[in-house]
Amino acid sequence: MSHAAAAKPATARKSPALSGTARVPGDKSISHRSMMFGGLASGETRVTGLLEGEDVMRTAAAMKAMGAHIEKRGTEWVIRGTGNGALLQPEGPLDFGNAGTGSRLTMGLVGTYDMETTFIGDASLSGRPMGRVLEPLRQMGVQVLKATPGDRMPITLHGPKHAAPITYRVPMASAQVKSAVLLAGLNTPGITTVIEPVMTRDHTEKMLRGFGANLSVETDERGVRHIFIEGQGKLTGQIIAVPGDPSSAGFPLVAALIVPGSDIVIENVLMNPTRTGLLLTLQEMGGKIDILNPRNAGGEDVADLRVRYSELKGVTVPPERAPSMIDEYPVLAVAASFAEGETLMQGLEELRVKESDRLSAVANGLKINGVDCTEGEASLAVRGKPGGKGLGGHPNGQDTTVQTHLDHRIAMSFLVMGLATEKPVTIDDAAMIATSFPEFMGLMTGLGAEIG
Ligand SMILES: O=C(O)C1=C[C@@H](OP(=O)(O)O)[C@@H](O)[C@H](O)C1
Ligand SMILES: C=C(OP(=O)(O)O)C(=O)O
């Protein structure tokens, strides 16, 4: 199976002030969807700024295996799709590596086809729950021919002759589940309805509309979103410029806040309000983050961020903010480790089912590096040490290597931490960083970070 390669440990050391201007790679959520929707639509889709991380490349390979033509010409990705409803049965299993988004959205996209598809992934992905996607698909008539107990991968699906449209209320705050049902609706006669009690990232809705899908959203008086999609319509290729990924931007951003004297600019960051929870929280903590040159690019808000070293203070992060910063809690916990007082994060149950159990991976990594924190069932409280005094590994020579559990965000978060701790921070494996941010090491060292 994938990612069986030898682990690549890495160490971050106390660094001089970070400075300079950087551009993070394209947004992962939009990049996956560009490949999928482009691969499905009629005609040509051209994409610039695509994240060329392993996760997105897996989605591209899956779409190719089902009949899409995808190639890179210069800096542009050119996709010729099959037309909605015309994907082909792949010859072998679709290997999604480490990617939850790629695999769950693709299960929705092709699960309703009257053909057999098998989904496999690495050890991390094979441990993640897929029942959340299989449950609505079963209601639409999809047969789960094979699955590992607990609805885990490897999974083989076979769709019905004609899928049944459903009305599905998403039981947890998950853009992946919402998206999987909407994508299944694309190949289903009639109207498929998704009810979303808590709003999550809306890239699927926005982009599908852009591709010509008949999709509408009504928000009721309690803020519950009702999303309607009409199946079997025509999708038409689009021109897409993918903005910088705010989740990736979180790493240089927090690094600049905690390394004394730092002053950096991160250009072209996606500012979609369903993705800006980290920014808001860090500003509440006293982070000096200036939003420069706000603009609209291809239907999305983007801006440049100037970030300066700041004396942070602890805050309580409201649980309802979790969907807008779900992947950013590990790096927020690192910022909190340098803040005065306690930072309390609540409503974190979804962190338990990411690439790793992020709640326990973060708490364990912080503790072995000297941070005082408390892990709850769905919460984390971090009591910071301004200046990072006494933090970092190897106090008595014992092994304080952070276990990353095949999780890119755990790896990057702890490397950021080590830039401001008194002693270095070491992680067991940096290999997974390539899934979402292959340029991470070069970008960070370019700003002055000492990582190796
Ligand atoms: O839809 C997406 O692109 C994503 C949704 C989120 O997952 P959940 O839907 O599981 O919260 C997020 O963690 C993931 O990185 C990307
Ligand atoms: C949770 C993440 O991704 P995925 O679910 O796509 O593996 C992430 O990138 O933090």
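Remember, it's 1-based here, ligands and their atoms both numbered in the order they're listed. Numbers for residues simply follow the sequence, beginning at 1.
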Lys/Arg-Asp/Glu bridge criterion (N-O < 4.0 Å) met for Arg352, Asp357
yes
Would you say Leu105 has any N or O atom under 3.5 Å from an N or O of ligand 1, going by distance alone?
no
Gly102-ligand 2 polar pair, N/O distance under 3.5 Å:
no
Once you restrict to heavy atoms under 4.0 Å, what part of His32 touches ligand 1? Side chain, backbone, both or neither.
neither
With a cut-off of 4.0 Å, which atoms of ligand 2 are near a heavy atom of Asn98?
7 (O)
Which atoms of ligand 2 sit under 4.0 Å from any heavy atom of Asp327?
1 (C), 8 (C), 9 (O), 10 (O)
Side chain or backbone of His203 under 4.0 Å from ligand 1, or both, or neither, by non-hydrogen atoms?
neither
For ligand 1, does Lys354 get within less than 4.0 Å through its side chain, its backbone, both, or neither, judged by non-hydrogen atoms?
side chain
Would you mind reporting whether Val362 and Leu380 have side-chain heavy atoms less than 4.5 Å apart?
yes
Considering distance alone, does some N or O of Glu350 sit under 3.5 Å from an N or O of ligand 1?
no
Check each atom of ligand 2 against the heavy atoms of Lys354 and keep those under 4.0 Å away; list them by number with element.
1 (C)
Looking only at non-hydrogen atoms, which of Arg128, Glu328, Arg104, Lys28 approaches atom 5 (O) of ligand 2 most closely?
Arg128
Of all protein heavy atoms, the one nearest atom 16 (C) of ligand 1 is Thr101 OG1, 3.3 Å
Going by atom types alone, do Lys146 and Thr118 pair a side-chain donor with an acceptor below 3.5 Å?
no
Which of the numbered atoms in ligand 2 are below 4.0 angstrom from a heavy atom of Gln176?
4 (P), 5 (O), 6 (O)
What are the atoms of ligand 2, with element, lying closer than 4.0 Å to any heavy atom of Gly100?
4 (P), 5 (O), 6 (O), 7 (O)
Main-chain N/O of Leu145 paired with Thr156 side-chain donor or acceptor, under 3.5 Å
no
Glu71 and Arg80 ion-paired at < 4.0 Å
no
Which protein heavy atom lies closest to atom 6 (O) of ligand 2, and at what distance to 0.1 Å?
Thr101 OG1, 2.5 Å
Classify the angle between the aromatic ring planes of Phe228 and His226 as parallel (below 30°), tilted (30 to 60°) or perpendicular (above 60°).
parallel
So which heavy atom in the protein is nearest atom 1 (O) of ligand 1, and how far is it from that ligand atom?
Arg33 NH2, 2.7 Å
Nearest-neighbour protein heavy atom for atom 15 (O) of ligand 1, which is reported as residue plus atom name and distance:
Asp327 OD2, 2.6 Å
Under 4.0 Å, counting heavy atoms only: does His32 come that close to any atom of ligand 2?
no
Minimum-distance protein heavy atom relative to atom 3 (O) of ligand 1:
Ser29 OG, 2.7 Å
Does this structure show an ion pair linking Glu300 with Arg295, if we count only N-O contacts that are shorter than 4.0 Å?
no
In ligand 1, which numbered atoms sit nearer than 4.0 Å to a non-hydrogen atom of Ile326?
13 (O)
Any salt bridge linking Asp304 with Arg23? Criterion: basic side-chain nitrogen under 4.0 Å from a carboxylate oxygen.
no
Please report which non-hydrogen protein atom sits nearest to atom 10 (O) of ligand 2, along with the residue it belongs to and the distance in Å to one decimal place.
Arg409 NE, 2.6 Å
Residue-level breakdown please: for Glu350 versus ligand 2, do any non-hydrogen atoms fall below 4.0 Å on the side chain, on the backbone, on both, or on neither?
neither
Ignoring hydrogens and geometry, is there a side-chain-to-backbone donor-acceptor pair from Arg128 to Val353 under 3.5 Å?
yes
Should the pair Glu350-Arg358 be classified as a salt bridge under the 4.0 Å nitrogen-to-oxygen rule?
no
List every atom of ligand 2 that sits less than 4.0 Å from any heavy atom of His408, numbering the atoms from 1 in the order shown and giving each element.
8 (C), 9 (O), 10 (O)
If you scan protein heavy atoms around atom 1 (C) of ligand 2, the nearest is Glu355 OE1, 3.0 Å
Residues Asp220, Arg222: salt bridge by 4.0 Å N-O rule
yes
Subset of ligand 1 atoms that lie under 4.0 Å from at least one heavy atom of Lys28:
15 (O)
So which atom in Ile229 and which in Gly185 form the shortest heavy-atom distance, rounded to 0.1 Å?
CG2-CA, 4.3 Å
SB check Asp27 Arg275 (cutoff 4.0 Å):
yes
Taking all atoms of both residues into account, what is the closest heavy-atom pair of Ala411 and Thr404, and its distance?
CA-CG2, 3.7 Å
